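Nothing here was measured: the structure is a model prediction, and the numbers come from that model. The figures that follow rest on heavy atoms only: side chains count, while hydrogens, waters and symmetry mates do not.
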Amino acid sequence: MAYIPHTEVERQQMLAAIGVTTIEDLFEAVPASHRFPKLDLPEALSEMEIISEMGAIANANEHGSDYAIFRGAGAYHHFIPSVVNHTLLRGEFLTAYTPYQPEVSQGTLQAVYEYQSMMCALTGMDAANASHYDGATSLAEAVTMAVQLTRGKRSKFILSHGINPQYRDVTRTYNQGRDLEFVGDDKAYSIDELVDMLDDNTAMLAVGYPNFLGQIEDFSALAEKVHAAGALLCMVVNPMALALFKSPGELGADIVVGEGQPLGVPLSFGGPYLGFFATKQKHVRRIAGRIVGETLDEEGKRAYVMTLRPREQDIKRERASSNICTNQGLMALAAAVYLSLMGRNGLRKVAELNYQKAHYAADMIDGLQGYKVLRDKPFFNEFMVKTLEPAAKINDALLQEGIIGGYDLGQEYPYMQDHMLFAVTEMNTREEIDVLVEVLGSMS
Amino acid sequence: MVDVMEKPIELEPLIYDQGVPGRIGVNLPDSDVPEYDLPTELLRDELPLPEVSELQVVRHFNKLSTLNHSIDKGFYPLGSCTMKYNPKINEDMARLAGFAQLHPAADTESSQGALLLMHTLQEWLAEISGFQAVSLTPAAGAQGEFAGILMICKYHVERGDLKRDKILVPNSAHGTNPATVTMAGYSVIELPSDDKGNVDLDALRQVCDERADEIAGMMITVPSTLGLFEEPILEVLDMVHEAGGLMYMDGANMNALMGVVKPGELGFDVMHYNLHKTFSTPHGGGGPGSGPVGVNDKLKPYLPGPIVDIIEDATDDEPPLYGLVMPEKSIGRLKAFHGNFGMHVRAFAYIAAYGAEGIRQVTRHAVLNANYIRAMLMDTYNVPYPRYCGHEFVMQGKVEGTDIHALDISKRLMDYGIHPPTNYFPLIVPEALLIEPTETETKETLDEFIEVMKIIAEEAKTNPELLHEAPHTAPVRRVDEVKAAKDLVLCCAPAMPQY
């Protein structure tokens, strides 16, 4: 029976040792009135049948193996080197638990330490944790940290409209039990206008880099102004863009969060993904979630261990800053393997491919009648296009030609009804881009 | 003591230390489009990532993996974690291109397979636990708990019942329970346990009498974190409901309940599931997990969204059209997109492999295995609650006449190739060792564990130093946790310029 190894003989031996006649005897403490209900589930399937049925279900989706994808909006179709998947499939990583017993978990612990280090390198921060569920929840946790760092005396949070709308939603959901004020995202305020909102009740100002609309805004003077108001600067970033562009550390950020999915994690219809969280050394004791540190064992061997444990729920309980327990450990491993393979040279090259292909696509689309690419700010691999036809109609036409088209921004921003967001990555060949342009051109 | 100036012995060098400038571990194409100038004033100067070859990466992570214990390697009786076999077929299914390469913002019509899978899983989970509706969005048990408490609170607020800001939590609860209450902006009233390991009914009765209108609800784990079915569970449910509160069940221990009792039928209003415990999705060294929530009709409108619903009914020729829908009065979004879909696929494959009868057998054998170990060890170690347990049980890690602690027994188990049980939890049992074998272990494995535990009890008397200094054969010996917290070395990347 599936993965249960017992034979009837063994069951009888075990029941005899326990001193009962049937397994049902073991449930005497369960209220008799409610015991042993029927389960209305299908019959068991053999492995062959599972493969057949689930294969059919999988085929009823339009996905990146069959279609060229030009949609981003928080999840990106990137190349994942084969070594990443093979590493994740190793049972020693896949089927291990949280490394609470460091003596038998050095594999997980050192891999996470290396992941933390690489995220520090990308973000220009001093310390990173072992992950949050995704970019949205890591922003929500940044709010918690800011509340603590301003000793609960400041309750205003300025969020740029340029931060992923779902992240701002989640941040509000997470903090509905607290007396906090979230402002700044009801309109497309500029960075200067957000700065004007700073006051001595502001705990944190958060911006996207690049923002959800693909743009890279001018942050050259931002940190100074935020700090002058006594607030913290949080940047919500696309880690792949950081292979090219100045690190948030260099721009003066205090907290860096974002979605690590571009770093070796498949699209997988939205999850599991990888929330990362990095900050300056002086704020380390306020980080939520697991964090791995270096130490020695009794014999002087270098060893890794989860540290600053008293912050966590199992020790602090109702005084913990966050209830996070299980995080996204295997995805952090994926990012560590990805970043090791790509390294200093490969990640830069991939990021450049993204930039070049996106700018080629943008140029070509901008040259079409009936389309206008918004180019007032620099972009990395994603850009906005104003269209005459509705997004749904455009995307239907593109699907016919094997293309999953841009994201309909009208869904999220009421003032962007006729705008689409196109992402172009290293996975898009010139041929695919040319077909995209051709189909778009044929519609106007 | 180690001389600080010595270079420590390494098990495996850091990936950063293995690089040589110019190396790369991937094979990338050149650009096939015209070249555009990069905005040089916006670019970074340095990118301090490793520079290693592909084979170096493979060897490095392979070597690291060998330093771990894992379910695939050996017995892992970690109580409350349900370390059952993680079926490989589930990994294959999750990696089908139709699932792995599906964009989360795909058009509704483009993702009917995925939406059908999620809708079916919602229904199966609801059926298993006797609830009316399920949301798959929470990314882990703790997020599921958070959703549950937010739903309970919204329910009361909508009724104008604004004074209810307390949640009752037994002192045996998993740490995430009280932490969740605080996160939601509420306060915990902690309840003691009686000598049978149940929630102290007198204490509960008193709180419900004296503070009824403050009580938003209660969180309780069934079976309890001691692995025991709370005998007066129906009374507990009644008392809290009478006081006007709602009942939340922490579903971490579902492995003891499937086909035995449905929490929804008992009267619970909401519970969370741990797909990475009961439903075999792999722990991955600390996640990802998935913590769906099930609710009755009372709380259905408040589910965290989006959930999957039928947005166009089936016709004679067409199947129904599934879509993502935000429940009318949802507590809101808890994460981007719609949950850890990759784990939904795995749980779906798991339940499909078992079917109704198989799911029932999972629980029967999980409970059989735990009771077997309990019966065979209760003469060697103190088992504080001498009654049938669920899928796990607590014993005390002490040996009479010795100074051995639970910690020492745990570390010594490693020398025998067995992962220690959960230590020092639940908090109400001193020197607790919480043992959960799961249903996928053979009798031989259990007998070996029993034998080893008996040997260790002997070693405690004849050679206690062996235990105090264990482990002896693990890749590292006991680590200096004080040093780790004091020195706080959290990053090995080459130092960035100070900005």
### Message
Tell me every residue that passes ring pair (Phe, Tyr, Trp, His ring centres under 6.0 Å) with A/H359, counting only those two or more places apart in sequence or in another chain.
### Response
A/Y355, A/F379
### Partners meeting ring pair (Phe, Tyr, Trp, His ring centres under 6.0 Å) with A/Y113 (sequence neighbours left out)
A/Y304
### Query
By a 4.5 Å heavy-atom criterion (distance strictly below it), what part of B/L266 contacts chain A: side chain, backbone, both, or neither?
both
## Note on the structure
So, the part of B/P471 with a heavy atom under 4.5 Å from chain A: the answer is side chain
State plainly whether the residues [X] and [Y] are in salt-bridge range, i.e. N to O under 4.0 Å.
| X | Y | answer |
| --- | --- | --- |
| B/K411 | A/E103 | yes |
| B/D32 | A/K357 | yes |
| A/R302 | B/E10 | yes |
| A/R71 | B/D107 | yes |

### Query
For A/T108, does its backbone N or O pair with a side-chain atom of B/N68 as donor and acceptor, under 3.5 Å?
yes
### Task
Answer with side chain, backbone, both or neither: which region of A/T137 has an atom nearer than 4.5 Å to a non-hydrogen atom of chain B?
side chain
### Query
Does A/F269 have its ring centroid less than 6.0 Å away from the ring centroid of B/F337?
no
### Task
Over 60° means perpendicular and under 30° means parallel, so classify the ring planes of A/Y174 and B/F146, tilted if in between.
tilted
Can a side-chain donor-acceptor contact be found between [Y] and [X] if the only test is distance below 3.5 angstrom?
| X | Y | answer |
| --- | --- | --- |
| B/E51 | A/N345 | yes |
| B/S65 | A/R90 | yes |
| B/Y36 | A/E352 | no |
| A/E114 | B/H60 | yes |

## Note on the structure
Of the listed B/M258, B/E35, B/R95, B/K84, the one with the largest count of heavy-atom pairs under 4.5 Å with chain A is B/R95
### Query
Between A/N395, A/D169, A/N59, A/T173, which shows the greatest number of heavy-atom pairs under 4.5 Å with chain B?
A/T173
### Query
Are there more than 12 heavy atoms of other residues, nucleotides or ligands under 6.0 Å from atom CD of A/Q176?
yes
